[in-house]
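Notes follow once the structure below has been shown.
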Amino acid sequence: MKAVVLNRLGDFDSLVDAEVRDLKVSADGILVKTRAIAVDPIDIKIGNGSRGGRDGMILGSSVAGDVIAVGRNVRGFKVGDRLAANVRGGETYAEGADVKIMDRLFWHREVPHSENFSKPGFQLKTA
């Protein structure tokens, strides 16, 4: 899978496109094919090292996309559903995202992917 990787913590010039491991769905997870992301203030804080982070990480905490796999403990979602989520642990600047059921999820079939983060009621707030 392709992702944007921060090679050196605190150095945003070290962001590069990279090939990373493919995701596998966990029992409490939902795999999402990324259609849109948001650059949130917390992503900048993590990337500059003031809120954790590490060399070689994939940043990102918000994602909108299509469900491509659902873990066995997940209810209310199915393959093909659309969702937007605030993802704990991040790593959403990629072709796919691993969303856990404990994350803040928003699900809506009618909102176009390009508007999931801009329509009233669909903004995802972070620290």
Side-chain angles (χ1 to χ4, degrees):
M1 151 178 96
K2 292 181 182 176
V4 177
V5 175
L6 181 65
N7 280 328
R8 289 178 304 282
L9 188 64
D11 180 6
F12 290 104
D13 288 333
S14 75
L15 285 166
V16 296
D17 291 331
E19 195 67 32
V20 298
R21 67 183 172 11
D22 286 333
L23 298 173
K24 296 190 183 337
V25 70
S26 65
D28 296 321
I30 301 169
L31 290 187
V32 177
K33 179 179 180 182
T34 303
R35 297 292 184 176
I37 61 158
V39 178
D40 296 315
I42 191 66
D43 302 335
I44 304 304
K45 292 174 186 176
I46 292 170
N48 70 22
S50 65
R51 294 285 300 263
R54 65 185 179 338
D55 289 347
M57 73 178 301
I58 302 167
L59 293 172
S61 57
S62 297
V63 65
D66 302 314
V67 174
I68 57 174
V70 178
R72 68 178 177 273
N73 297 334
V74 176
R75 303 291 178 259
F77 288 90
K78 65 183 182 319
V79 171
D81 283 345
R82 291 180 173 175
L83 68 78
N86 248 64
V87 180
R88 294 181 187 173
E91 298 195 342
T92 63
Y93 295 0
E95 290 180 313
D98 181 18
V99 177
K100 303 294 185 218
I101 55 175
M102 67 181 179
D103 294 329
R104 187 171 174 195
L105 299 171
F106 298 89
W107 170 57
H108 204 281
R109 291 183 180 160
E110 291 82 28
V111 176
H113 293 293
S114 62
E115 299 181 10
N116 276 353
F117 292 111
S118 63
K119 287 289 188 188
F122 286 93
Q123 294 91 357
L124 300 177
K125 307 283 188 211
T126 60

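Nothing fancy with the numbering, it's 1 onward along the sequence.
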Discussion item. Between Tyr93 and Leu6, does the side chain to side chain contact (heavy atoms under 4.5 Å, CB included) criterion hold? Intermediate values first, please.
Written reply: CA-CA 10 Å; Tyr93 295 0; Leu6 181 65; over 6 Å; no
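- Electrostatic pairing of Asp22 and Lys24 does not count as a salt bridge here, judged by no charged N lying under 4.0 Å from a carboxylate O.
- Side chain of Asp40 to main chain of Ile42: no donor-acceptor pair is present (N/O by atom type, distance under 3.5 Å, no hydrogens or angles).
- The CG atom of Leu15 lies 8.0 Å from the CG atom of Asn7; values are rounded to the nearest 0.5 Å.
- The two atoms that bring Asn86 and Ser62 nearest to each other are OD1-OG, 3.6 Å, heavy atoms only.
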Discussion item. Run the salt bridge (charged side-chain N to carboxylate O under 4.0 Å, His left out) test on Lys100 and Glu91 for me, step by step, so that the C-alpha distance in whole Å, both residues' side-chain angles and the decisive distance to 0.1 Å come before the verdict.
Written reply: CA-CA 12 Å; Lys100 303 294 185 218; Glu91 298 195 342; over 6 Å; no
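- At a threshold of 4.5 Å between non-hydrogen side-chain atoms, the residues Ile68 and Val32 do not count as touching.
- Between atom NZ of residue Lys2 and atom OG1 of residue Thr34 there is a gap of 13.5 Å, rounded to the nearest 0.5 Å.
- Note on Phe77 and Val79: separate hydrophobic clusters, where clusters join Ile, Leu, Val, Met, Phe, Trp and Tyr whose side-chain heavy atoms are under 4.5 Å apart, directly or indirectly.
- Remark: the backbone N or O of Arg8 is paired with a side-chain donor or acceptor of Ser14 at under 3.5 angstrom.
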Item to complete: Apply the test side chain to side chain contact (heavy atoms under 4.5 Å, CB included) to residues Val39 and Ile44: give CA-CA distance (whole Å), side-chain angles for both, the deciding distance (0.1 Å), then the verdict.
Response: CA-CA 8 Å; Val39 178; Ile44 304 304; 4.1 Å; yes
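- Taken from CD in Glu95 to CG in Leu23, the straight-line distance is 10.0 Å, to the nearest 0.5 Å.
- How far CG of Asp43 is from CZ of Arg51: 11.0 Å, rounded to the nearest 0.5 Å.
- Taking each heavy atom of Ala3 and Ile58 in turn, the nearest pair found is CB-CD1, 3.8 Å.
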Fill in: From CA spacing to verdict: side chain to side chain contact (heavy atoms under 4.5 Å, CB included), Ile30, Val25
CA-CA 6 Å; Ile30 301 169; Val25 70; 5.9 Å; no
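- Counting all heavy atoms, side chain and backbone alike, Asp81 lies closest to Gly76 at OD2-O, 4.1 Å.
- Contact annotation: the side chain of Asp98 approaches that of Leu31 to within less than 4.5 Å [non-hydrogen atoms, C-beta and beyond].
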Practice prompt. Test side chain to side chain contact (heavy atoms under 4.5 Å, CB included) on Lys78 and Val67 and set out the steps.
Written response: CA-CA 7 Å; Lys78 65 183 182 319; Val67 174; over 6 Å; no
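- A donor-acceptor distance shorter than 3.5 angstrom exists from the side chain of Thr92 to the backbone of Ser61, with no hydrogens or angles considered.
- Checking side-chain atoms of Glu19 against main-chain N and O of Met1 turns up a donor-acceptor pair under 3.5 Å.
- Here the closest heavy-atom approach between residue Arg35 and residue Asp66 is recorded as NE-OD2, 2.7 Å.
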